[in-house]
Amino acid sequence: MLISTGTAPLLANLMAFVSAFAASFFGHFYYSFAELSPKFAGALVRFCVTASAGFLLNESLLAPLLRYPEADPPLVFTISAGMAAIATFILGRFWAFAPDSQRW
């Protein structure tokens with residue numbers, strides 16, 4: 001199966017992840033979780049782990065869902081990306097960007 005650009009869906013998903021990584025980190029660091037005052041280097045390392053876990057969750061949901069011939073690709077992408085976004089937001093809030101004293 002190819003998406004409308006002629007790109008395999010899992011490859012397109014990887015390309016989207018890579019292109020969104022920096023925007024996501026800086027958006028969370030300077031906006032979403034700025035009030036937590038995270039330290040930049042530690043937050044970046046923890047965010048790499050968090051984002052990678054979110055990407056693996058996204059791919060692990062996306063791959064099997066796309067195997068169904070009746071699956072609607074936009075809906076499948078929405079479900080897998082939505083679940084990954086929720087998980088990475090929670091991990092970001094309570095681990096990646098949390099100050100040392102508040103981190104699990």
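Please read all numbers here as calculations on a predicted model, not as lab measurements.
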Minimum heavy-atom separation for Asn58 and Ala84, please, with both atom names. CB-CB, 3.8 Å

Closest approach of Ser19 to Ala16 (non-hydrogen atoms, all atoms of both residues): OG-O, 3.0 Å

Reported OG-to-CG distance for the pair Ser80 and Leu62, which is rounded to 0.5 angstrom: 4.5 Å

Compute the centroid of each ring, for Tyr30 and then for Phe40, and state whether the two points are separated by less than 6.0 Å. no

Just by modelled atom types, is the Leu57 backbone N or O under 3.5 Å from a matching donor or acceptor in the Ser60 side chain? yes

Is it true that a side-chain atom of Ser24 and a backbone atom of Ala20 form a donor plus acceptor pair closer than 3.5 Å? no

Hey, any chance Phe47 and Val45 share a hydrophobic cluster, counting ILVMFWY side chains that come within less than 4.5 Å of each other, even indirectly? no

Once the angle between the rings of His28 and Phe89 is folded into 0 to 90°, is it parallel (under 30°), tilted (30 to 60°) or perpendicular (over 60°)? perpendicular

Can you tell me how far CD1 of Ile90 sits from OG1 of Thr50, rounded to the nearest 0.5 angstrom? 11.5 Å

So, taking the atom named CZ in Arg93 and the one named CG in Leu91, what distance separates them when rounded to the nearest 0.5 Å? 12.5 Å

Would you say Leu14 and Phe55 make side-chain contact, with heavy atoms under 4.5 Å? yes

Within one Ile-Leu-Val-Met-Phe-Trp-Tyr cluster: Leu36 and Trp95, side-chain cutoff 4.5 Å: no

Starting at OG of Ser37, measure out to CZ of Phe29 and round the result to the nearest 0.5 Å. 8.5 Å

Closest contact, heavy atoms only, Pro64 versus Glu59: CD-O, 4.3 Å

Audit row: Phe97, Phe25, ring-ring contact (aromatic ring centres under 6.0 Å, His included) steps and yes/no: CA-CA 10 Å; Phe97 295 98; Phe25 174 76; 5.7 Å; yes

State yes or no: do Val49 and Phe21 share one hydrophobic cluster built from I, L, V, M, F, W and Y residues joined by side-chain heavy-atom distances below 4.5 Å, directly or via other members? no

Separation between CG of Leu56 and CG of Leu61, rounded to the nearest 0.5 Å: 11.0 Å

Write down the atom of Leu65, the atom of Ala71, and the distance for their closest heavy-atom approach. O-CB, 3.3 Å

